[in-house]
Amino acid sequence: MSNTVLLRRIAHLTGILPETTTRLAGEQMKSIQAIDNAYLLIEDGRIKDFGPDAKCPLERADEVMDCSEKMVLPAYCDSHTHIVFAGWREGEFVDRLKGLSYVEIDKRGGGILNSAKKLQATSEDELFEKALERLHQVIQLGTGAIEVKSGYGLTTDSELKMLRVIRRLKEASPIPVKANFLGAHAFPMEYKQNRAAYIELITNEMIPQVAGEGLADYVDVFCDTGFFSVEETEAILTTGAKYGLKPKIHANELDYSGGIQLGVKHNAISVDHLQCTGPDEIKALSGSTTVATILPSTAFFLGLPYAPARDMIDNGLCVALASDYNPGSSPSGNMSFILSLGCVRMKMLPAEALNALTINGAAAMELGASHGSITPSKPANLIISKTGMNLESLPYFYADNWIDRVLINGKTQ
Ligand code: NIG
Ligand code: FE
C-alpha cells in the first residue's frame, strides 16, 4: 500500500519546473512558475501530482495538510558547506573586530590551521555527532540537499577521518549529501617553506587513498592569493581527474587569482566565492557548463565586497547561492538569510535568488535532475511557509523565521 500526503489550498505553489530543466541561466532565472490556490499530492515521499486546488483528484489521503494562506517551495540545495569541524572560532571573530584581517589571522597560524589543530585532536565519533547535529539544524532551516567538504584535516589520516565522517552523514541523512575532498584548503605550518612537498602529499598519497576508499565525489582547492596558486591547483585537479574526482574550486574570494579561468578550463562543476570577478572572468564562464556559485554570507561576515551577481546574470551565467557554513568565515547555514543577502546586497530579484538557491544549487551538485524544483517524481523536499508570505516577502523579512514546516521525502522534520 502506498502512503499519500495531500497538501490542499496552497496559496502559492512556487518553483515549478518541467522535468527537462536541470539548471537556469541568465534571463531564465528571472521567472519562477507558480500556481495560486493549488494542491500537491505526495506518494511514497515523492511529488506525484499538483495543480489548481479545484482540480484536486482526491478528497482523502493518509495525511491532509491545509496550506491556506501559505507558500510551498522546493527545499534549498546548499552546494557549499564545511559542516564537519571540531569547534567554533569566536575568538578570531573578536580579533577581527579589533582590526586584524582574515588573512592576517591565517598568517599567524589561526584560521583554517586553528580548525585543523582542533580537528586532528577530535575523534571520528565526536566529529560525526557534531556534524549530524548541524545537518539536522540546517534541514529544519529548509535545506533539502547539501555538499560537505573536508579540508580541516590537512594530514592524510585526518582528511580521511573527515571524509569518513561525511560518508557516515550520507548514510544517516534523509537528504542527499555530496562529499568534497579539500585537502588543499591551506598549507600546514610545516609545509609553508616547502609547498611542493604538500602538493606531492595530496597528489601521491591523499587522492589515491581517498579515491581508493570511494570517499569523495569531488576534489576542491582554495585557489587564491596567499593560498594555492594556479599551477598548484592545476596539479591537484589533474591528479583528481585521473582518479575520477570532478573539480569544484574556491576561486577569486580574495583576489583576481585566475581560479575561475582554471575552473572553466578543467570543466569544474562549479567555481565558488567569486567576489573578485570582472569582465574577463565572466567571459570565461559564458558558454561553459561551470556553475558560478556565490557565497554572500562570507562577504557579509568578513566585510569583503560582494560578487557582481547582477553582471553575471545579465551576461547569461548560471548563478547559484550557497551558505559556506563554516566556523571561520560563515558560521551559519541559514539559507533564508542567503536569499535576503542575494537580494539586499547584490540586487538579485526574488525569483533569481530563489532559483539560485534551489535548482541552480542542485545543478552545482549535479542534482538538477533529481532535486531543486516542484517537479513530478522528485522527492517531496519542501518548505511550507507561515501564513501571508509571497515571493517578494521571503527575502524582505530578512531576520524572521517565516518557515512553518519542512518536509523531507514527504515527512515533517
Ligand atoms: O570557504 N575560503 C576558504 N575556506 C572557507 C573558510 C574556512 C575557514 O575560515 O575555516 C571558505 O570561506
Ligand atoms: Fe568554502
Side-chain angles (χ1 to χ4, degrees), residues 78-93 95-96 100-120 127 130-131 134 146-154 158-159 162 166 178-188 218-228 232-233 236 247-255 257 259-260 263 268-276 291-307 320-333 335 338 341 361 364-365:
D78 192 351
S79 66
H80 186 134
T81 79
H82 308 248
I83 61 167
V84 180
F85 55 87
W88 298 103
R89 306 212 306 261
E90 61 275 40
E92 292 179 1
F93 165 59
D95 290 341
R96 281 198 297 106
L100 279 183
S101 73
Y102 181 72
V103 171
E104 283 163 345
I105 291 170
D106 176 80
K107 283 213 173 97
R108 59 168 204 193
I112 295 164
L113 296 186
N114 181 0
S115 280
K117 209 162 127 195
K118 287 185 192 154
L119 185 133
Q120 286 162 7
L127 288 170
K130 286 182 166 159
R134 290 177 201 123
I146 196 167
E147 188 232 54
V148 185
K149 297 172 198 294
S150 71
Y152 291 131
L154 308 184
S158 291
E159 283 296 312
M162 279 192 86
I166 300 171
K178 291 278 186 168
N180 188 332
F181 167 61
L182 178 60
H185 200 186
F187 285 93
Y218 304 116
V219 60
D220 201 335
V221 178
F222 187 4
C223 178
D224 225 319
T225 303
F227 290 84
F228 291 78
E232 291 162 345
T233 304
I236 293 165
K248 287 171 64 110
I249 309 185
H250 281 69
N252 298 49
E253 175 183 3
L254 308 168
D255 206 348
S257 61
I260 293 178
I269 303 301
S270 69
V271 285
D272 301 32
H273 276 293
L274 317 183
Q275 280 96 321
C276 299
V291 178
T293 300
I294 298 176
L295 313 172
S297 54
T298 306
F300 168 78
F301 195 66
L302 298 184
L304 298 172
Y306 286 82
L321 288 168
S323 76
D324 197 19
Y325 190 178
N326 77 76
S329 62
S330 180
S332 166
M335 292 283 272
I338 305 298
L341 279 180
M365 296 184 275

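Keep in mind that this is a model prediction, so the values were computed, not measured. Just follow the structure's listing: the first ligand is 1, and inside any ligand the first atom is 1.
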Is the closest side-chain heavy-atom distance between F301 and R96 below 4.5 Å? yes
Can you tell me if D224 uses its side chain to pair, donor with acceptor, with the backbone of L254 under 3.5 Å? yes
Would you say the side chains of S79 and E147 form a donor-acceptor pair under 3.5 Å? no
For residues S115 and R89, is any side-chain donor paired with an opposing acceptor at under 3.5 Å? yes
Exactly one of M162, K248, K178 should register a side chain to side chain contact (heavy atoms under 4.5 Å, CB included) with K149. Which one does? K248
Return the protein residues near ligand 1 (heavy atom under 4.0 Å from any of its atoms), ordered by chain and residue number. H80, H82, R89, Y102, I112, Y152, H185, F222, H250, E253, H273, D324, N326, G328, S329
Under a plain distance cut-off of 3.5 Å, with no hydrogens placed, do Q275 and N252 share a side-chain donor-acceptor pair? no
Salt bridge flag under 4.0 Å for residues D95 and R108: yes
May I ask you to check whether H250 and D272 show a side-chain donor-acceptor distance below 3.5 Å? no
Which residues and atoms, protein N, O or S only, are under 2.8 Å from the Fe ion (ligand 2)? H80 NE2, H82 NE2, H250 NE2, D324 OD1
Quick one about H82 and D324 (side-chain donor to acceptor, distance below 3.5 Å, no hydrogens or angles considered), yes or no? yes
